[in-house]
Amino acid sequence: MSGWLHHLIIVPVLLPLTVGAGMLLLEEPRRRLKASLSLFSTLVLISVAIALLQLAQGNGAEIGVYLLGDWPAPFGIVLVLDRLSALMLLLSSVLALASLLFSLARWHRAGPHFHPLFQFLLVGINGAFLTGDLFNLFVFFEVMLAASYGLVLHGSGTARVKAGLHYIAVNLAASLLFLIGVALIYGVTGTLNMADLANRLPAVATEDRALLQAGAAILGIAFLVKAGMWPLCFWLPTTYAAASAPAAAMFSIMSKVGIYVILRLWLLLFGADAGSVAGFGGSWLFYGGLLTVGFGTIGALASQDMSRLAGYNVLVSSGTLLAVLGVTDMAITAGALFYLLSSTLAISAFFLLIELAERGRRAGADILAVTLEAFGETEEEPLHEEEEAGIAIPATMAILGLSFVFCALLLAGLPPLSGFIGKFILLAAVLDSSGTATVSLDAWLLLAAVILSGLAAVIAMTRAGIRTFWAPLGRSVPRVRLIEITPIGLLLLLCVLLTVQAGPVMYYLQGTAEALHAPQRYIEGVLSAPRAGQTAQGGGA
Amino acid sequence: MKRWLPFPRLAALILIAWLLLNQSLAPSHILLGALLALLSTQLLVRLQPPRGHASRFWTALVLLGRVLLDIIRSNIAVAGIILRRRPERNRTAGFVHIGLTSRHPYVLAALACIITATPGTIWVDYESASGVLIIHVLDLVDEEAWIQTITQRYESLLREIFE
Amino acid sequence: MMLGFFTAALTTAQVLLALAMACSSVRLFIGPRAQDRVVALDAFYVNAMLLLLTFGIRTGSNLYFEVALVIALLGFVGTVALAKFLMRGEVIE
Amino acid sequence: MSDSMLLILLVALPFVGSLIAALLPTNARNAEAWLAGLIALAGLLITASFFPAVAEGGVLRFRAEWLPTFGLDFSLRLDGFAWLFSALVTGIGVLVVLYARYYMSPQDPVPRFFSFLLAFMGSMLGIVLSGNLIQLVFFWELTSLFSFLLIGYWHHRADARDGARMALTITATGGLALLAGVLVLGHIVGSYELDQVLASADLIRAHPLYLPILVLILLGAFTKSAQFPFHFWLPHAMAAPTPVSAYLHSATMVKAGVFLLARLWPVLAGSDAWFWLVGGAGLSTLLIGSYVAIFQHDLKGLLAYSTISHLGLITLLLGLNSPLAAVAAIFHILNHATFKASLFMAAGIIDHESGTRDIRRLSGLYRLMPITATLAMVAAAAMAGVPLLNGFLSKEMFFTEALTATAPLQSLEAILPYAATLYGMFSVAYSLRFIHGAFFGPPPVGLPRTPHEPPHWMRFPVELLVLACLVVGILPAITVGPFLDAAALGVLGAAKPAYNLAVWHGFNLPLLMSVIALIGGVLLYLILQNYLLSGVEGTPFVRRLAGKRLFERSLVVLSWRIARPLETLLGTRRLQPQLRLVVVVALLAGLAAVGGWQLAAGPPQFSGLDPALTLVWAVGIACAIGAAYQAKYHRLAALILMGGAGLVTCITFIWFSAPDLALTQLLVEIVTTVLILLGLRWLPKRIPEDEPMVQPVTLARRIGDFAIAMFAGGGVALLAYAVMTRPLPDTISRYFTERAYSEGGGTNVVNVILVDFRGFDTLGEITVLGVVALTVYALLRRFRPAPESIAIPEQQRVQNAYDDARPDRRLGDTVAEYLLVPAVLMRLLFPMMLVMALYLFLRGHNLPGGGFVAGLTMAVTFIVQYMANGTRWVESRLRLHPVRWIGLGLVFALLTGIGAWLLAHPFLTSHTRYLELPWLGSIPLASALFFDLGVFSLVVGATALILIALAHQSLRSVLVARPVSPPSKED
Amino acid sequence: MSAAANLPAWVLFLTALLVLVSASLTLIGTIGLLRLKTFYERTHAPTLGTTLGIGLMLFASMIYFSALQSRPVLHELLIAVFMTVTTPITLVLLVRAALYRDRYAGSDKVPPTSPPKSTLLKKQAKIDSD
Amino acid sequence: MELIVALGIGVLVASGVWLILRPRTYQVIIGLSLLSYAVNLLIFGMGRLRVNAAPVLEAGAAVDASQYTDPLPQALVLTAIVISFATTALFLVVLLASRGLTGTDHVDGREPGT
Ligand code: NA
Ligand code: NA
């Protein structure tokens, strides 16, 4: 990786940032242009992500390191490209494309600055995936959160504002915990670079361990709030249900950012090589994850509307991932990543689908009902149902129904889609991890959790699906535009591809898991990354 | 000239302030300061501050002297009042109504600065229609004396400077 | 000798100013009306500025001067906003 | 074509056909039928072509890599047993398709029907051909899915929806259990491949996990095959169109469970647990099913219970742990499929032609549709086990097994023959009822339609199946012998017992039992005649055993009685508990992490106690507590007190060598005060209500919160103290301090870190600020304030009224006078403040200051003018375009960073040049300065946008408040 | 503090004295803020700090830093200017607001809304003639 | 002074936590602000407390890093201050919107018991 290609690593952050900033210089009504810019950015992001994925894969265990400002690690901020970050980048850009396409039908008109906010959200998510610096991670978390606040509130209305208030309050508290954690870690170790931190941890003096662990634990809580672990997760279903469909679809990866960070940091800092602090907090993750699955399952059973159901599915997914991450095992990590891919795609598709499916139920979208312009100028173009929802594509109900079935299968982990494969891989790995020919209690617990949550998903999804698609009362066929169906189809198609191509995908993921479980390469790669100033001439002050 | 330098005195003050800030008389700072003075006063034009000209440098100096003296005197007086065992004894505080002759904004502004800067008096209200100023005096012995002080000792000089 | 006096004087001055802050904060606390609290806040700012100036002298450093300068130039903004809020019910009309 | 290709084709063809079928037009009934029929026929032919390969116990295999790392291949495996099922699935498939062509009405959307039907066929073939257990589960769940979709085909009907849901829930649940069982089974065997699993019989049976595996797998099998107590979904699945009932719910899908039992018979059977579980479930199902069937009034309901009972028979046979019984089970699978499918079709014909399936309304149809009646009578006789029909043969085998079975319990061995005979009686009774009730008796009256014979091709499948019943029943060894042999070989392999498929075994005990059953059944029917004619719903003695009600009730209980309260109990939708939990969990996590480790380390390092700062902090602490105390009712006081605490923070920063922080804190403080005041305008006052008494609950909560707050404060203080009194570790900062000037070109290390060493953080940070400003702006565009605050503030009303009342005053005089002097001064300050902003900006790289502080100063500069002169006044003279400032700032910072690319350096690499000018000396031109300029611009824009957007609300309120003000307009 | 060691004694003395007086005056001002009875009276008190308090402190700072850096250090003047201009802004606005609030609350301790113009002019004429 | 500053941080945290657990939105915003003061001070304290060691170098002079306080926590605090300012602004506007739309300043958008 050299020359211009090297700069590709930072493109996932810079491109949306530039596009978002550029859009601010355009006049407000130039939506078409903004939409095109947004679309362009997202498409380029996908191709960049694919290129990065190939780079990450082609390099074997080598990692790509980008020294910002050409300052060497651990002093300057670094971006690190490895298989995991490349994978997450691809996932986020794919979801972005789907959400963006969906929003073009109507949502991007429901309030000002949708497109810049959307791009900034991508900046935050991609930055969080790439950064190799703890405080920079905080900054990108905040970028992501700030944009998500905007997107949660996009479209306004009582439900959104109420949910937004909770969402913001809880996340502000979590951000404060983040800062406390980072501060303590810095105060004890004197570094912010993750690789450097991993390097220094085993050497931390015994008398400093308490402080270090306290810092790590508090930091962990911040991530767990984001990831949605019980009992820190109650904001999640409400917020996701209140957000507009494209926003919610994007949010499904935001909880995965929390998971990603835990996976990354935990294996890096407290992995097998971490000496005395190895495996710190693992059982907490495991049991916390199980409890989250339990709560998500209960919530799914109890939810009456599909949006909340989807939100609880996010919790089930998070909980499953947290629980299996608590069992440090390479095969499990690989399986977890597969499950992560599948469940994220499925939940996103589901969020998009819900909007369309419910459109027919409550005729006349409610987006603007609450914002009746008794107050203030009517600057927004009002969304007229007739013209906005466009032509009703033929067989709408059949397509929506089919998509729903796909989502249900994915979420319940039933064949033939990737949800089943994901569960199988996870469970097989979990069973294998408990030794040949025996099954440990933890494995039984996990097995039960996965099976029962799948069962609950079947019950809940069937109930919701029957109520929505087989309802006896003459519901009007929702008017749905092709551009709204396409992204759902895209996401579901990817799930199908994941199923068919499970072998190659797992091959990649296994490589990813191996790299994660052998962090020494990551550490060495980051700390020995050469500066451009050493190779090129001129430059510096 | 007027167009380029709408507020010459203010611009000069800003240049001085710039040099004071940077504690430097380097040519680059003078140049930059001058540039900033020009630009910032240009922007000020947009805000349409009331027109006015300040002349009579010596009068201003006299006024400044008076005011400084008054400030020191009244600082001591007020400190004395506060430190009394019972600050309320032998003292009445009260409001004084004063009819001002000048309506000039700068006169009023400067007067406000003086009254405020002198401990023991505060500017309370000014009614533009009647030109009546209300001040509050901490140690009000003689209302007339206060009216005298304000109108004769300050206002008249201010009118000389600004009108 | 003189250095000792100088040091002691500055420490004393800082304590006096800190006491002044304490007095203002008492007024800040007890009010009774909003305007009393605002006056107290204003005094609080001025005391803080003086404290910073003594700190500058004590450390012989010029680095803290700008903070005092900014308090002098902008410290009034908060008070103005509060006063206007009391008078008009809104800060910007 | 190779066998492998054909195998793949066998499974794949139906799925391809399903896709094509879905895309055909809605009314293409014939095309659909042709497509489906041909595919089924092709499947049948392919299956037939495989027979020679499997007849002698051969096995065909195909494997393709799927998930090699998890030992999961796509694996097809065809042996005699799979062949038999494959033939059944395709063969009956052909007939059902033909039947369905006539059964479905032109109004029905047939593409969906045939598409699902074909997909089901493919899934079913997938089950029987799976060479790997995971793959089997995969197709297993697919059959549940398509069964669900087919049952709900007429989803406008409530019974269809309920039935579909129940079927799916039960069978998919079983499927999940099966998955778990198979996973554990594969885990202990070390492979999911069927071949390997079948080869590990001893290992499995001896394994401590045998019982859990068995239970999990049986859950799958029993739910699928409708075994007691999971049988109740099947009768409700009868809401499906009859072809579906005939195909899925009698001939094929429900056989998947017993297929699995037979498939795993060699490795799971042979234990007592197997006997009790499988045999027990089979026996109860057998009796209950046949008993309940007698009392059904719906033809299809009767057949459904009969199916349940026959599935119980098969299960029982498999549970007897005897190879011969297993052969009988396989044989009965085949026989049952033939007669039951034909009976279902016959029932469908009756329904189709007469418009009802209710035995109480039907009567004497023999006269109107004699051929159909004859066919049905033959099939029903087979069902009843009348000699010379196929049902008789397998029933005789069953009776034999019932007599010879070895049970773990003596008494059970004795009971079995009686139970078997009783079952025989019941089945004779319900068969009689089917025939007698529908075809005999007086001519029917009041039927929805006048019945007559159906179209010939609709009856043709029935004819074919009935013929099969007859032929097999008379000449079993010739007709079905080889197939049964191959199938038994597939299941039992070398353990296949010798058996005799003769019709006549001489006068023996089983025959006697048959005779008793026949006579007893007829008698029973006669006895019950009156009761049945009375038309009472439900089954005597077992009325309470209403599975459907139980199921629905338990779902309701599960969702609304258990999940709902649990959700409320374990979760919350309120903010306070959530925040409480976040704090408490963080506290506990910190506590647990500290654990037994010590916080203190060596002798603490102190800096001396300073009396002044201590006093200042006493004030700060008081302010913090005061703010906490006042925030509820005295918002302004709380705001002011908070400002006090902020100022103390600022002084602390100064004290401990952080002038930049102090500056920033100070300015943020000022802006925040203005901001919150702008907001307070829209927050109606809270009037302290005199609470007569604080509720005990509230009090307890407050005490709890107080404790939490104390612990949190104490904890953080402890941590802070512990770190601050430790020696500083070797931090990465040394690098920054040493290189700030030499490589970063600035003497203010903090600023160099911000714009250079960690400029990327700053880029992110300003992005946050910009994004928040946009969000605030967006939110305020749609802002609807509290109704109480819409009107102009009270102060202004009073003052306006005063101005109005006085003849010498004009409206607005009060405010004009109020601002007269301050506005003049503030305007004059404007240029000075601008200059100050630039000063702070320019010195930032070397001295405290910088883009952020300068930007805030600049924003405050503008806001001061807004305060002095009002929004309209300022904006008519000086219009800021904050969003552009934001955009420009970001773009500027970005371009500066990207500029480094031109010099082949990474993003944000700084470059410093000194411009030597005559007279003026050297002017530093650092790229970092340009970056900071971007920061400056963004901060100006964002801060101004937030403040101005809030300020603009007042204008809007004036706009609206005037015309809307009379409240009477509302009605 | 080590930097101060090299300075002439009178600089140190003068600085110390000025600082002490300034701090004392400021403290007295805030004590007044506490002790005085009405709002209007209290408002006078802190101006001790904002006028002479600041003036003396700035003077001290100028002397001290000029001696320390061996050059005239005058930027403290800016603070004086800024304070002179900004203090009236706050006090004028605040006291007028307080007046409004007191009038609105019906207090008889404050002057009522301005008396009729004629009486005022009469009074004024009397003063002018003196 | 470490004790005093730690105590101050503790009180700020306690007051902030108390306030964010209260039911009124305004209490929460004040609490969040107090908490951010505390957290800023905490981060700042991680560089240890040193008087008169501001990390401002003398141009051209040789640098002895031990003469200066740790600059990194200061830079972090600056970033944190900005971000908390931004979020405070946002929270304020959201609470105003919530008050307008729901008619109450309760954090849950409805008065308890209704
Ligand atoms: Na005064
Ligand atoms: Na009948």
Side-chain angles (χ1 to χ4, degrees), chain C residues 1-3 5-10 12-17 19-27 30 32-36 38-40 42-44 46-47 49-51 53-54 56-62 65 68-69 71-80 82-88, chain E residues 1-5 7-10 12-13 15-17 19-20 22-24 26-34 39 42-43 45-46 49-50 53-54 57-58 60-61 64-65 68-69 73 75-76 78-83 85-87 89-98 100-102:
Chain C
M1 216 290 281
M2 193 49 78
L3 191 63
F5 170 67
F6 176 75
T7 314
L10 277 169
T12 315
Q14 288 189 336
V15 172
L16 293 181
L17 288 170
L19 277 174
M21 287 179 84
C23 291
S24 330
S25 79
V26 171
R27 184 52 74 193
I30 58 179
R33 305 204 62 198
Q35 52 262 42
D36 292 294
V38 181
V39 171
D42 200 43
F44 203 81
V46 173
N47 298 338
M49 189 181 80
L50 289 172
L51 194 62
L53 286 171
T54 59
I57 294 174
R58 209 177 116 175
T59 55
S61 168
N62 244 329
F65 177 77
L69 192 67
I71 295 186
L73 184 63
L74 302 178
F76 79 107
V77 176
T79 323
V80 166
L82 284 161
K84 221 182 149 207
F85 184 77
L86 292 181
M87 174 76 183
R88 298 288 291 169
Chain E
M1 197 109 341
S2 56
L7 293 181
W10 68 270
L12 293 185
F13 179 74
T15 312
L17 196 69
V19 167
L20 268 179
S22 153
S24 312
T26 312
L27 178 60
I28 292 170
T30 49
I31 290 174
L33 186 63
L34 266 185
F39 168 75
R42 287 197 282 270
T43 317
T50 53
I54 283 178
M57 185 68 76
L58 295 174
S61 178
Y64 180 77
F65 280 105
L68 195 66
Q69 298 172 6
V73 172
H75 63 309
E76 281 82 355
L78 286 172
I79 294 190
V81 173
F82 293 164
M83 286 309 293
V85 180
T86 58
T87 311
I89 301 177
T90 45
L91 282 187
V92 165
L93 290 177
L94 186 62
V95 173
R96 176 67 181 87
Y100 159 77
R101 281 161 66 87
D102 283 336

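Below, all heavy atoms of this structure are taken into account, side chains as well, without hydrogens, waters or symmetry copies. Chain identifiers are assigned alphabetically (A, B, ...) following the order of the sequence lines, protein sequences preceding nucleic acid strands; residue numbering begins at 1 within each chain.
- Taken from CG in C:L16 to OG1 in E:T26, the straight-line distance is 9.0 Å, to the nearest 0.5 Å.
- Among E:V73, E:L7, E:T15, E:T86, the residue with the largest count of heavy-atom pairs under 4.5 Å with chain C is E:T86.
- Interface remark: C:M49 contributes side-chain atoms only to the contact with chain E (heavy atom separation under 4.5 Å).
- Looking only at distances, a side-chain donor or acceptor of E:S22 sits under 3.5 Å from a matching main-chain atom of E:G53.
- Residues C:L53 and E:I79 are in side-chain contact: their nearest non-hydrogen atoms beyond the backbone lie under 4.5 Å apart.
- Ranked by heavy-atom pairs under 4.5 Å with chain E, the list C:V80, C:D36, C:T79 is led by C:D36.
- With a 4.5 Å cut-off on non-hydrogen atoms, C:A22 does not touch chain E at all.
- Counting heavy-atom pairs under 4.5 Å between each of C:G56, C:A20, C:A68, C:A83 and chain E puts C:A20 at the top.
- For the pair C:L74/E:F82, no side-chain contact is recorded, criterion being any heavy-atom separation below 4.5 Å from C-beta on.
- At a 4.5 Å heavy-atom cutoff, the contact between E:L68 and chain C is made by side-chain atoms alone.
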* Could you walk me through whether C:V26 and C:I30 pass side chain to side chain contact (heavy atoms under 4.5 Å, CB included), step by step? => CA-CA 6 Å; C:V26 171; C:I30 58 179; 4.2 Å; yes
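- If you tally non-hydrogen atom pairs under 4.5 Å between each of C:V38, C:I71, C:L82, C:T12 and chain E, the highest count goes to C:V38.
- Contacts of E:F39 with chain C are made by both backbone and side-chain atoms, with heavy-atom separations under 4.5 Å.
- Considering only heavy-atom pairs separated by less than 4.5 Å from chain C, the leading option among E:M57, E:R101, E:Q69 is E:R101.
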* Please lay out, stage by stage, how C:I57 and E:F65 fare under the test side chain to side chain contact (heavy atoms under 4.5 Å, CB included). => CA-CA 8 Å; C:I57 294 174; E:F65 280 105; 4.2 Å; yes
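- Proximity of E:H75 to E:S61: side-chain heavy atoms (C-beta onward) are nowhere separated by under 4.5 Å.
- Of all the listed residues (C:M2, C:M21, C:Q35), the one sharing the greatest number of non-hydrogen pairs under 4.5 Å with chain E is C:Q35.
- Side-chain rings of E:F13 and C:F5 approach one another, their centers coming within less than 6.0 Å.
- By number of non-hydrogen pairs under 4.5 angstrom with chain C, the leading residue of E:A45, E:A98, E:P46 is E:A98.
- For C:A34, the parts sitting under 4.5 Å from any heavy atom of chain E are the backbone and the side chain alike.
- Of the N and O atoms on the side chains of C:N47 and C:S24, at least one donor lies less than 3.5 Å from an acceptor on the other residue.
- Side-chain contact check for E:L33 versus C:C23: every heavy-atom pair is 4.5 Å or farther apart.
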* Asked: Can C:L51 and C:Q14 be said to form a side chain to side chain contact (heavy atoms under 4.5 Å, CB included), step by step?
  -> CA-CA 6 Å; C:L51 194 62; C:Q14 288 189 336; 4.0 Å; yes
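- Contacts between C:V46 and chain E at a heavy-atom distance below 4.5 Å involve the side chain alone, from C-beta outward.
- C:D42 touches chain E through its side chain: at least one heavy atom from C-beta onward sits under 4.5 Å away, while N, CA, C and O do not.
- With chain C as the partner, the residue from E:L78, E:L93, E:T90 showing the most heavy-atom pairs under 4.5 Å is E:T90.
- Within the 4.5 angstrom heavy-atom criterion, atoms from both the backbone and the side chain of E:E76 approach chain C.
- By number of non-hydrogen pairs under 4.5 angstrom with chain E, the leading residue of C:K84, C:R88, C:R33 is C:R33.
- Per-residue heavy-atom pair counts under 4.5 Å with chain C were compared for E:V19, E:L58, E:T43, and the maximum is reached by E:V19.
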